[in-house]
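In the text below, chain A, chain B and the rest are named by the order of the sequence lines, each starting its count at 1. Excluded from the calculations below are hydrogen atoms, water molecules and symmetry mates; all remaining heavy atoms, backbone and side chain alike, are included.
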There are 2 protein chains.
Amino acid sequence: MTAGTAGTDAIEGSSAAQAPEDTRARLLGTALRLFSEHGVEGTSLQMIADALGVTKAAVYYHFKAKAEITEAVAEPAIRELDAIVDEAATHRRRGAQIDHLLDGFVDVVVRNRVLVALFSSDPGVARALEKTLHGSQTFKSKLMTVLVGPEPDLAAEVTARVTLAGIALAGGDPDLADVDDETLRRHLLDTARRLLGRPRRHPRP
Amino acid sequence: MTAGTAGTDAIEGSSAAQAPEDTRARLLGTALRLFSEHGVEGTSLQMIADALGVTKAAVYYHFKAKAEITEAVAEPAIRELDAIVDEAATHRRRGAQIDHLLDGFVDVVVRNRVLVALFSSDPGVARALEKTLHGSQTFKSKLMTVLVGPEPDLAAEVTARVTLAGIALAGGDPDLADVDDETLRRHLLDTARRLLGRPRRHPRP
DNA sequence: GTCTATAGGCCGATAGAC
DNA sequence: GTCTATCGGCCTATAGAC
């Protein structure tokens with residue numbers, strides 16, 4: 001694959017030298033595909049290496065541990081969510097905060113369905129991610145604070161947790177995989193707003 | 001099933017022999033405890049064996065594979081849920097069906113919080129369980145049918161999935177571990193009924 | 001029927017040669 | 001940057017003691 005000029009069976013591209021970023025990106029893409037097919041736990045480094053045409057040790061050059069791969073795969077979506085939470089917090093009215101958060105949360109979930117299904121249902125991945133991002137306040141509690149305030153009553157807290165967990169898990173549900181993004185986004189947002197007492201936005205025409 | 005047709009009690013009176021059921025039950029209890037502490041993935045057969053004071057092979061005598069242990073641990077709760085779905089289906093009015101299902105579902109979730117958190121968040125366990133129970137119709141789709149009918153519109157389907165997933169995940173959430181059963185049950189049921197358009201039952205006094 | 005002793009194969013991970 | 005070689009741990013399997 002490296003300097004084989006005789007072979008014309010190039011999988012993709014034609015240049016001999018691969019940019020380091022490219023190998024890493026290819027690895028992450030392959031990992032995400034295999035993770036979604038077999039689960040994180042069901043995907044071995046050997047499988048990833050074989051799919052890339054390299055050895056296990058080559059994979060270890062790019063990532064020190066398997067957990068680092070799962071983190072790197074999930075990181076973009078997590079960063080998106082994190083940014084949305086911070087943006088939401090800048091609004092003055094609580095209603096606007098909640099609206100911003102729900103819009104962003106549902107949007108990220110829908111656009112990253114496979115990924116969300118993966119790391120919202122895998123305790124190992126979730127744990128690894130919490131360690132990675134920020135040392136102090138976990139992403140989840142930050143999200144909850146914006147959603148229900150610093151000291152919510154139990155009813156509000158339970159409702160918020162049901163909402164977030166439900167959106168994430170239902171959004172990633174394989175049974176809804178053939179629903180297009182726009183439609184799913186509308187239904188999830190509708191459900192979330194109803195639960196949290198936000199006024200309807202999509203009055204049926 | 002053991003062929004204990006002698007009519008006498010299976011518990012051994014003389015010597016140090018233990019009833020087979022007892023060892024198996026102890027094993028499952030220990031497994032559940034370790035699973036909830038370290039996760040299924042984070043619990044090795046060696047850890048289970050050590051906690052019981054036996055060897056790995058002894059564990060392997062009672063269960064052919066680790067997956068069989070996780071199935072056996074989760075089975076009672078699954079059977080409960082399955083029975084509730086069937087019971088719910090016997091009601092004539094749809095409202096009564098939904099009520100029965102929600103009451104039972106929330107109750108099982110709350111009473112088996114640790115377990116639910118475990119196998120609703122572990123894709124490997126969930127997959128193994130689906131294979132175990134019934135060959136044809138999966139438990140989840142049966143549940144959905146009772147909840148929204150055989151051919152629901154997309155809005156109803158999304159709402160139902162958000163509800164079930166949210167209840168299960170929020171119910172098992174460690175952050176709500178110190179809420180007592182009765183209180184959690186009431187809040188979860190309230191949220192679920194609101195989402196599914198069932199009238200309130202707990203008007204605030 | 002219940003368990004111990006032992007072994008094989010795959011896993012994640014590390015060290016060091018090209 | 002990628003490789004070979006190797007480690008200890010894991011799940012699984014079998015042979016055989018009591």
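Nucleic acid contact class of A:Lys64 (heavy atoms, under 4.0 Å, all strands): sugar-phosphate only. Residue contacts for A:Thr55: at a heavy-atom cut-off of 4.0 Å it reaches a base atom on one of the strands shown.
Checking A:Lys56 against A:Val59, the closest nucleotide of DNA chain D that is more toward the 5' end is the one next to A:Val59. Each of A:Ala57 and A:Thr43 lies near DNA chain C, and the nucleotide nearest A:Thr43 is the one positioned closer to the 5' end.
Rounded to a whole Å, the CD atom of B:Gln46 is 16 Å from the P atom of D:dG8. Atom pair B:Met47:CE and D:dC10:P shows a separation of 8 Å (rounding to whole Å applied). B:Arg26 places its CZ atom 13 Å from the C1' atom of C:dT2, with the value rounded to the nearest Å. Atom CD1 of B:Ile69 and atom C1' of D:dT12 are 12 Å apart (whole Å). For the pair A:His38 NE2 and C:dC11 C1', the computed distance is 16 Å after rounding to whole Å. As a whole-Å value, the separation of B:Tyr61 OH from D:dA13 P is 16 Å. For B:Lys66 and D:dG9, the NZ to P distance is 16 Å, given to the nearest whole Å. The interatomic distance linking A:Leu52 (CG) with D:dG1 (P) rounds to 15 Å, in whole Å.
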Exercise. Walk me through it: do A:Arg201 and A:Asp190 pass the test salt bridge (charged side-chain N to carboxylate O under 4.0 Å, His left out)?
Key: CA-CA 8 Å; A:Arg201 263 178 180 168; A:Asp190 219 57; over 6 Å; no
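Scanning all heavy atoms of the two residues, the minimum distance from B:Leu176 to A:Glu157 falls at CD2-OE2, 4.1 Å.
Across D:dT2, C:dT4, D:dT4, the shortest atom-to-atom separation from the side chain of A:His62 is found for D:dT2. For B:Ser44, taking side-chain heavy atoms from C-beta onward, the closest of the listed nucleotides D:dA13, D:dC10, C:dC3 is D:dC10. Listed nucleotides D:dC11, C:dA13, C:dC3 differ in distance to B:Leu45; the shortest reach to its side chain belongs to D:dC11.
Without hydrogens or angle criteria, A:Arg194 side chain to B:Leu195 main chain gives a donor-acceptor distance under 3.5 Å.
Between A:Ile48 and A:Arg33 the shortest side-chain heavy-atom distance does not fall below 4.5 Å. Put simply, the side chain of A:Gln46 does not reach to within 4.5 Å of the side chain of A:Val59, judged on heavy atoms.
The phosphate of C:dA13 has OP1 or OP2 within less than 4.0 Å of a side-chain N or O from A:Tyr60.
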